[in-house]
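Have a look at the structure below before the remarks.
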Amino acid sequence: MISKNMVLGLFFLFQTGVGTLGNSFLLGLYTITFFIGPRLRPIDLLLCHLVFVNDLVLLSKGIPQIMSTFGLTNFLDDVGCKFVFYFHKVTRNLSLCTTCLLSSFQAISLSPRSSWWAKLKARIPKYIVPLCFSCWTFHLLTNYKILIYMKGPKGSHNITKGNDFIYCSATFHVSLYIAIFILLVSLPDVLCFAIMLGTSGYMFFLLYRHHQKVQYIHGNSLMPAGSPETRATQTVLLLVILFVSFYSLNSFLALYIHYENSPHWVVHISAFLAACYPACSSFILMVSDSKVQKYYLALWENMRPTP
């Protein structure tokens with residue numbers, strides 16, 4: 001009979017493999033298009049950065065989880081645990097930050113020309129690269145505490161208190177200082193979360209209002225259910241629902257693991273939820289973004305040998 005750990009390992013293997021394949025395909029497509037294909041849109045820089053950091057999230061969390069579910073729990077020492085958890089936390093925060101920037105960019109691009117922030121439409125593309133570098137710098141600096149508290153596997157140390165992450169452990173001690181520090185570090189994530197929800201709601205409102213105007217002018221017979229406005233609204237709502245759902249559930253489990261001695265299956269579920277959005281988002285972009293198909297067709301025409 002197949003053990004529970006074997007089943008978990010297969011789930012992690014499938015999630016990491018398929019998610020990495022989807023993100024890598026988009027990353028390669030944007031990279032090749034940049035050099036030999038049609039001109040990329042400014043928003044494609046954000047999409048390229050998003051799939052890149054999502055790839056890093058999947059690899060930094062998926063590979064250790066796969067190895068631990070197959071019985072390898074002592075493959076990392078203190079330095080390895082510090083690096084893996086620090087790298088995962090930074091890239092996960094970057095995924096949140098990039099999604100927030102993407103949602104904000106889309107809202108600004110979709111806003112009416114008469115609005116007060118319409119002037120940002122011409123300026124915002126030049127800020128994309130500096131904003132991405134700022135996100136990297138900020139999260140690399142603010143997550144330094146992980147390098148202090150993360151340790152090797154619990155079985156290889158005389159640790160009586162702390163959190164057990166199966167292949168690594170942490171010696172977080174509950175105190176007022178730690179609670180204040182966690183609160184301060186979490187504020188940027190909460191801010192990004194709120195901005196993403198607000199801009200997504202604003203885009204939904206604009207698309208819905210535009211849909212109603214077009215429907216009033218042309219009549220119901222000329223407005224198919226699969227109109228671009230409807231598809232764009234469904235895509236935004238799906239991305240927001242997925243992100244909010246997975247992020248909220250994972251955050252709840254992470255807090256539970258931090259304050260309670262959790263069984264290993266809770267740790268595995270938390271890790272699986274943390275990787276769901278990076279694994280799914282690339283395929284949502286492939287299906288919803290018509291430019292991806294156009295880039296692929298254009299590159300296929302350029303790379304196809306001439307008769």
Side-chain angles (χ1 to χ4, degrees), residues 8 12 16 53-54 56-69 71-98 134-193 246-278:
L8 286 171
F12 279 112
T16 305
V53 296
N54 281 343
L56 298 180
V57 173
L58 288 171
L59 294 174
S60 61
K61 178 58 68 174
I63 293 177
Q65 291 296 143
I66 293 170
M67 296 179 69
S68 65
T69 53
L72 300 174
T73 58
N74 295 308
F75 57 91
L76 291 175
D77 56 6
D78 284 357
V79 176
C81 284
K82 292 177 187 295
F83 175 78
V84 167
F85 273 80
Y86 174 75
F87 195 65
H88 173 71
K89 186 66 168 68
V90 169
T91 53
R92 187 166 180 261
N93 287 345
L94 285 170
S95 180
L96 169 60
C97 184
T98 309
S134 299
C135 289
W136 274 95
T137 303
F138 177 80
H139 290 298
L140 284 172
L141 293 177
T142 56
N143 288 290
Y144 72 95
K145 282 289 184 179
I146 296 177
L147 299 175
I148 300 175
Y149 292 110
M150 291 308 304
K151 304 292 182 181
K154 208 168 186 180
S156 61
H157 296 273
N158 295 323
I159 300 176
T160 57
K161 295 183 180 181
N163 300 114
D164 182 15
F165 296 101
I166 304 176
Y167 54 90
C168 290
S169 61
T171 55
F172 292 103
H173 299 289
V174 179
S175 65
L176 179 61
Y177 171 74
I178 293 297
I180 294 175
F181 177 80
I182 293 176
L183 178 62
L184 293 177
V185 172
S186 301
L187 284 179
D189 293 350
V190 175
L191 179 61
C192 288
F193 199 78
F246 292 133
Y247 189 89
S248 300
L249 289 173
N250 176 251
S251 298
F252 174 78
L253 287 179
L255 288 175
Y256 177 77
I257 293 171
H258 178 72
Y259 289 105
E260 299 290 339
N261 292 323
S262 306
H264 285 178
W265 66 268
V266 177
V267 179
H268 285 307
I269 291 177
S270 177
F272 186 84
L273 291 173
C276 280
Y277 177 75

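Note that the numbering runs from 1 along the sequence shown for the chain.
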Identify the two heavy atoms, one from Gln65 and one from Lys61, that lie closest to each other, and give their separation to 0.1 Å. CG-O, 3.0 Å

State the CG-OG1 distance between Asp189 and Thr142, to the nearest 0.5 angstrom. 8.0 Å

Answer yes or no for Cys81 and Cys168: SG-SG distance under 2.5 Å. yes

Identify, with sequence neighbours excluded, every residue that meets side chain to side chain contact (heavy atoms under 4.5 Å, CB included) alongside Leu249. Leu273

Kindly determine whether Phe12 and His268 satisfy side-chain contact (heavy atoms from CB on, under 4.5 Å), including the steps that lead there. CA-CA 9 Å; Phe12 279 112; His268 285 307; 3.8 Å; yes

Contact summary for Tyr277 and Phe246, nearest pair of heavy atoms: N-CD1, 3.9 Å

Using modelled atom types and a 3.5 Å cut-off, is there a donor and acceptor pairing between side-chain atoms of Thr91 and backbone atoms of His88? yes

Please tell me if the side chains of Trp136 and Val53 come closer than 4.5 Å, counting only heavy atoms from C-beta onward. yes

Rounded to the nearest 0.5 Å, how far does CZ of Phe83 lie from CD1 of Ile146? 12.5 Å

Using a 4.5 Å cut-off on heavy atoms from C-beta on, say whether the side chain of Phe193 contacts that of Ser248. yes

Are Phe272 and Asn250 side-chain neighbours, meaning at least one heavy-atom pair lies under 4.5 Å? no

What closest approach, in Å, do Val57 and Ala274 show between heavy atoms, and which atom pair accounts for it? CG1-O, 4.4 Å

When you measure from the side chain of Tyr144 to the backbone N and O of Tyr86, does any donor-acceptor pair fall under 3.5 Å? no

For the residue pair Gly62 and Thr16, what are the closest heavy atoms and their distance? CA-OG1, 3.3 Å

Rounded distance (nearest 0.5 Å) linking atom CG of Asn54 with atom CG of Leu94: 10.0 Å

Can you find a side-chain donor-acceptor pair between Arg92 and Asn143 that sits under 3.5 Å? no

Please report the shortest heavy-atom distance between Val90 and His139, naming the atom on each side. CG2-O, 3.6 Å

Of Cys192, Pro188, Cys135, the one forming a side chain to side chain contact (heavy atoms under 4.5 Å, CB included) with Leu96 is Cys192

